[in-house]
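For the numbers below, each heavy atom of this structure counts, side chains included, while hydrogens, waters and symmetry mates do not.
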Amino acid sequence: MIAATADVPAAAPSGPVLRDIHLPLAPSWWPPAPGWWVLAALLLIALVAWGLWYRGRRRRQHQLARVLAELDGLLLHYRQHGDAPRLAAGLHQLLRRAARRLDPAAAQQQGAAWQATLARVALPAPMQAQLLALEQQMYRNDQSIDATASALAVRRWIERSWRQAPTSDSLHTRRSARHG
């Protein structure tokens, strides 16, 4: 048997001395990557656009509710007092004011121009005829008005016209009237 000798050196390492592997620290959540900044900006723009759209929609709904409440008030006054010419005049005036959203000159239109403005909103022919008859009925002293049909025709015309976008001329006219 061979005996171990003390003069044999231990095995030398064949490379550099290695230490344990240390992982880097976890990345910080702030500041976010550029993609997150773009996403946040797009989200902010979308939120502002939605807010402006919603505010305009609520304002239009509030205006429509006020106009329809005025229409209901006219009909209630007619049912209590039976004043047909006043009802016809009130409905006609309300219709003209509502028509100004579509055409700023609607308040002064007569004849074919007024018929064309009313025709911009699609209604059945009997309702269109009822709207056109209001102009003559407000000058009669008789009780020949069909209050329910006239009020319904005006209501339908106003509701449908409110869904249409106002003309740029009418927007400009309203803005200049408010500021000047």
Side-chain angles (χ1 to χ4, degrees), residues 41-180:
L42 290 175
L43 184 63
L44 184 64
I45 290 170
L47 189 63
V48 167
W50 178 82
L52 291 173
W53 171 82
Y54 184 73
R55 189 178 84 187
R57 181 173 180 251
R58 293 281 299 179
R59 185 177 63 241
R60 283 188 306 276
Q61 286 177 341
H62 181 68
Q63 289 171 346
L64 177 61
R66 281 191 352 224
V67 169
L68 294 179
E70 189 175 339
L71 174 70
D72 292 338
L74 288 170
L75 200 54
L76 180 65
H77 184 271
Y78 170 74
R79 288 185 179 142
Q80 290 174 349
H81 302 282
D83 190 2
R86 180 176 176 183
L87 174 66
L91 291 175
H92 185 70
Q93 180 189 28
L94 192 62
L95 187 62
R96 290 231 182 224
R97 285 187 0 230
R100 289 184 58 211
R101 288 187 79 239
L102 300 179
D103 187 357
Q108 291 86 25
Q109 290 177 339
Q110 299 293 323
W114 176 238
Q115 288 177 355
T117 298
L118 290 177
R120 290 175 67 176
V121 176
L123 284 178
M127 283 188 172
Q128 287 284 355
Q130 196 73 34
L131 294 175
L132 292 172
L134 283 175
E135 197 162 12
Q136 286 79 34
Q137 289 173 343
M138 67 183 180
Y139 296 114
R140 294 183 188 158
N141 286 330
D142 60 358
Q143 301 295 321
S144 65
I145 188 171
D146 184 357
T148 305
S150 295
L152 180 65
V154 170
R155 178 180 295 277
R156 292 292 176 257
W157 193 93
I158 290 172
E159 288 172 344
R160 290 183 183 180
S161 73
W162 228 264
R163 291 183 196 134
Q164 296 180 5
T167 62
S168 61
D169 290 344
S170 66
L171 285 175
H172 177 68
T173 302
R174 275 190 264 141
R175 284 187 189 131
S176 64
R178 272 188 281 179
H179 299 299

Here the gap from Asp103 atom CG to Thr117 atom OG1, rounded to the nearest 0.5 Å, amounts to 4.5 Å
(Q) Looking at Glu159 and Leu68, would you say the former's side chain and the latter's main chain have a donor-acceptor pair under 3.5 Å? (A) no
Just wondering, more than 12 heavy atoms not from His62 lying within 6.0 Å of its NE2?
no
Separation between CD (Gln108) and CD (Gln110), nearest 0.5 Å, reads 9.5 Å
dist Leu42:CG -> Leu44:CG (nearest 0.5 Å) comes out at 9.5 Å
In this structure, CG of Leu152 is separated from CG of Leu91 (nearest 0.5 Å) by 11.0 Å
### Task
Carefully, step by step, assess Leu87 and His92 under the rule side chain to side chain contact (heavy atoms under 4.5 Å, CB included).
CA-CA 8 Å; Leu87 174 66; His92 185 70; over 6 Å; no
Between Leu102 and Arg120, the two heavy atoms sitting closest are O-NH1, 2.9 Å
Looking only at heavy atoms, the pair that brings Ala151 and Leu71 closest together is O-CD2, 3.9 Å
Just list the side-chain donor-acceptor pairs under 3.5 Å for residues 127-137, sequence neighbours left out, or say none.
residue, atom, partner, partner atom, Å
Gln128, NE2, Leu118, O, 3.2
Gln128, NE2, Val121, O, 3.1
Gln130, NE2, Ser150, OG, 2.7
Glu135, OE2, Arg96, NH2, 3.4

Between the CG atom in Leu47 and the CG atom in Leu43, the distance rounded to the nearest 0.5 Å is 6.5 Å
Note: Trp114 and Ala99 closest approach over all heavy atoms is CZ3-CB, 3.9 Å
So CD of Gln93 and CG of Leu74: to nearest 0.5 Å the spacing works out to 8.5 Å
Closest heavy-atom pair, Ala122 versus Arg160, reported as atoms and distance to 0.1 Å, is O-NH1, 2.8 Å
> Angle class for the Tyr54/Trp50 ring planes (parallel below 30°, perpendicular above 60°, tilted otherwise)?
Replying inline: parallel
Contacts satisfying salt bridge (Lys or Arg N to Asp or Glu O under 4.0 Å) that involve residues 50-73 (not counting sequence neighbours) are Glu70-Arg97, Asp72-Arg155
Residues passing the side chain to side chain contact (heavy atoms under 4.5 Å, CB included) test with Ala98, sequence neighbours excluded, are Trp157, Ile158, Trp162
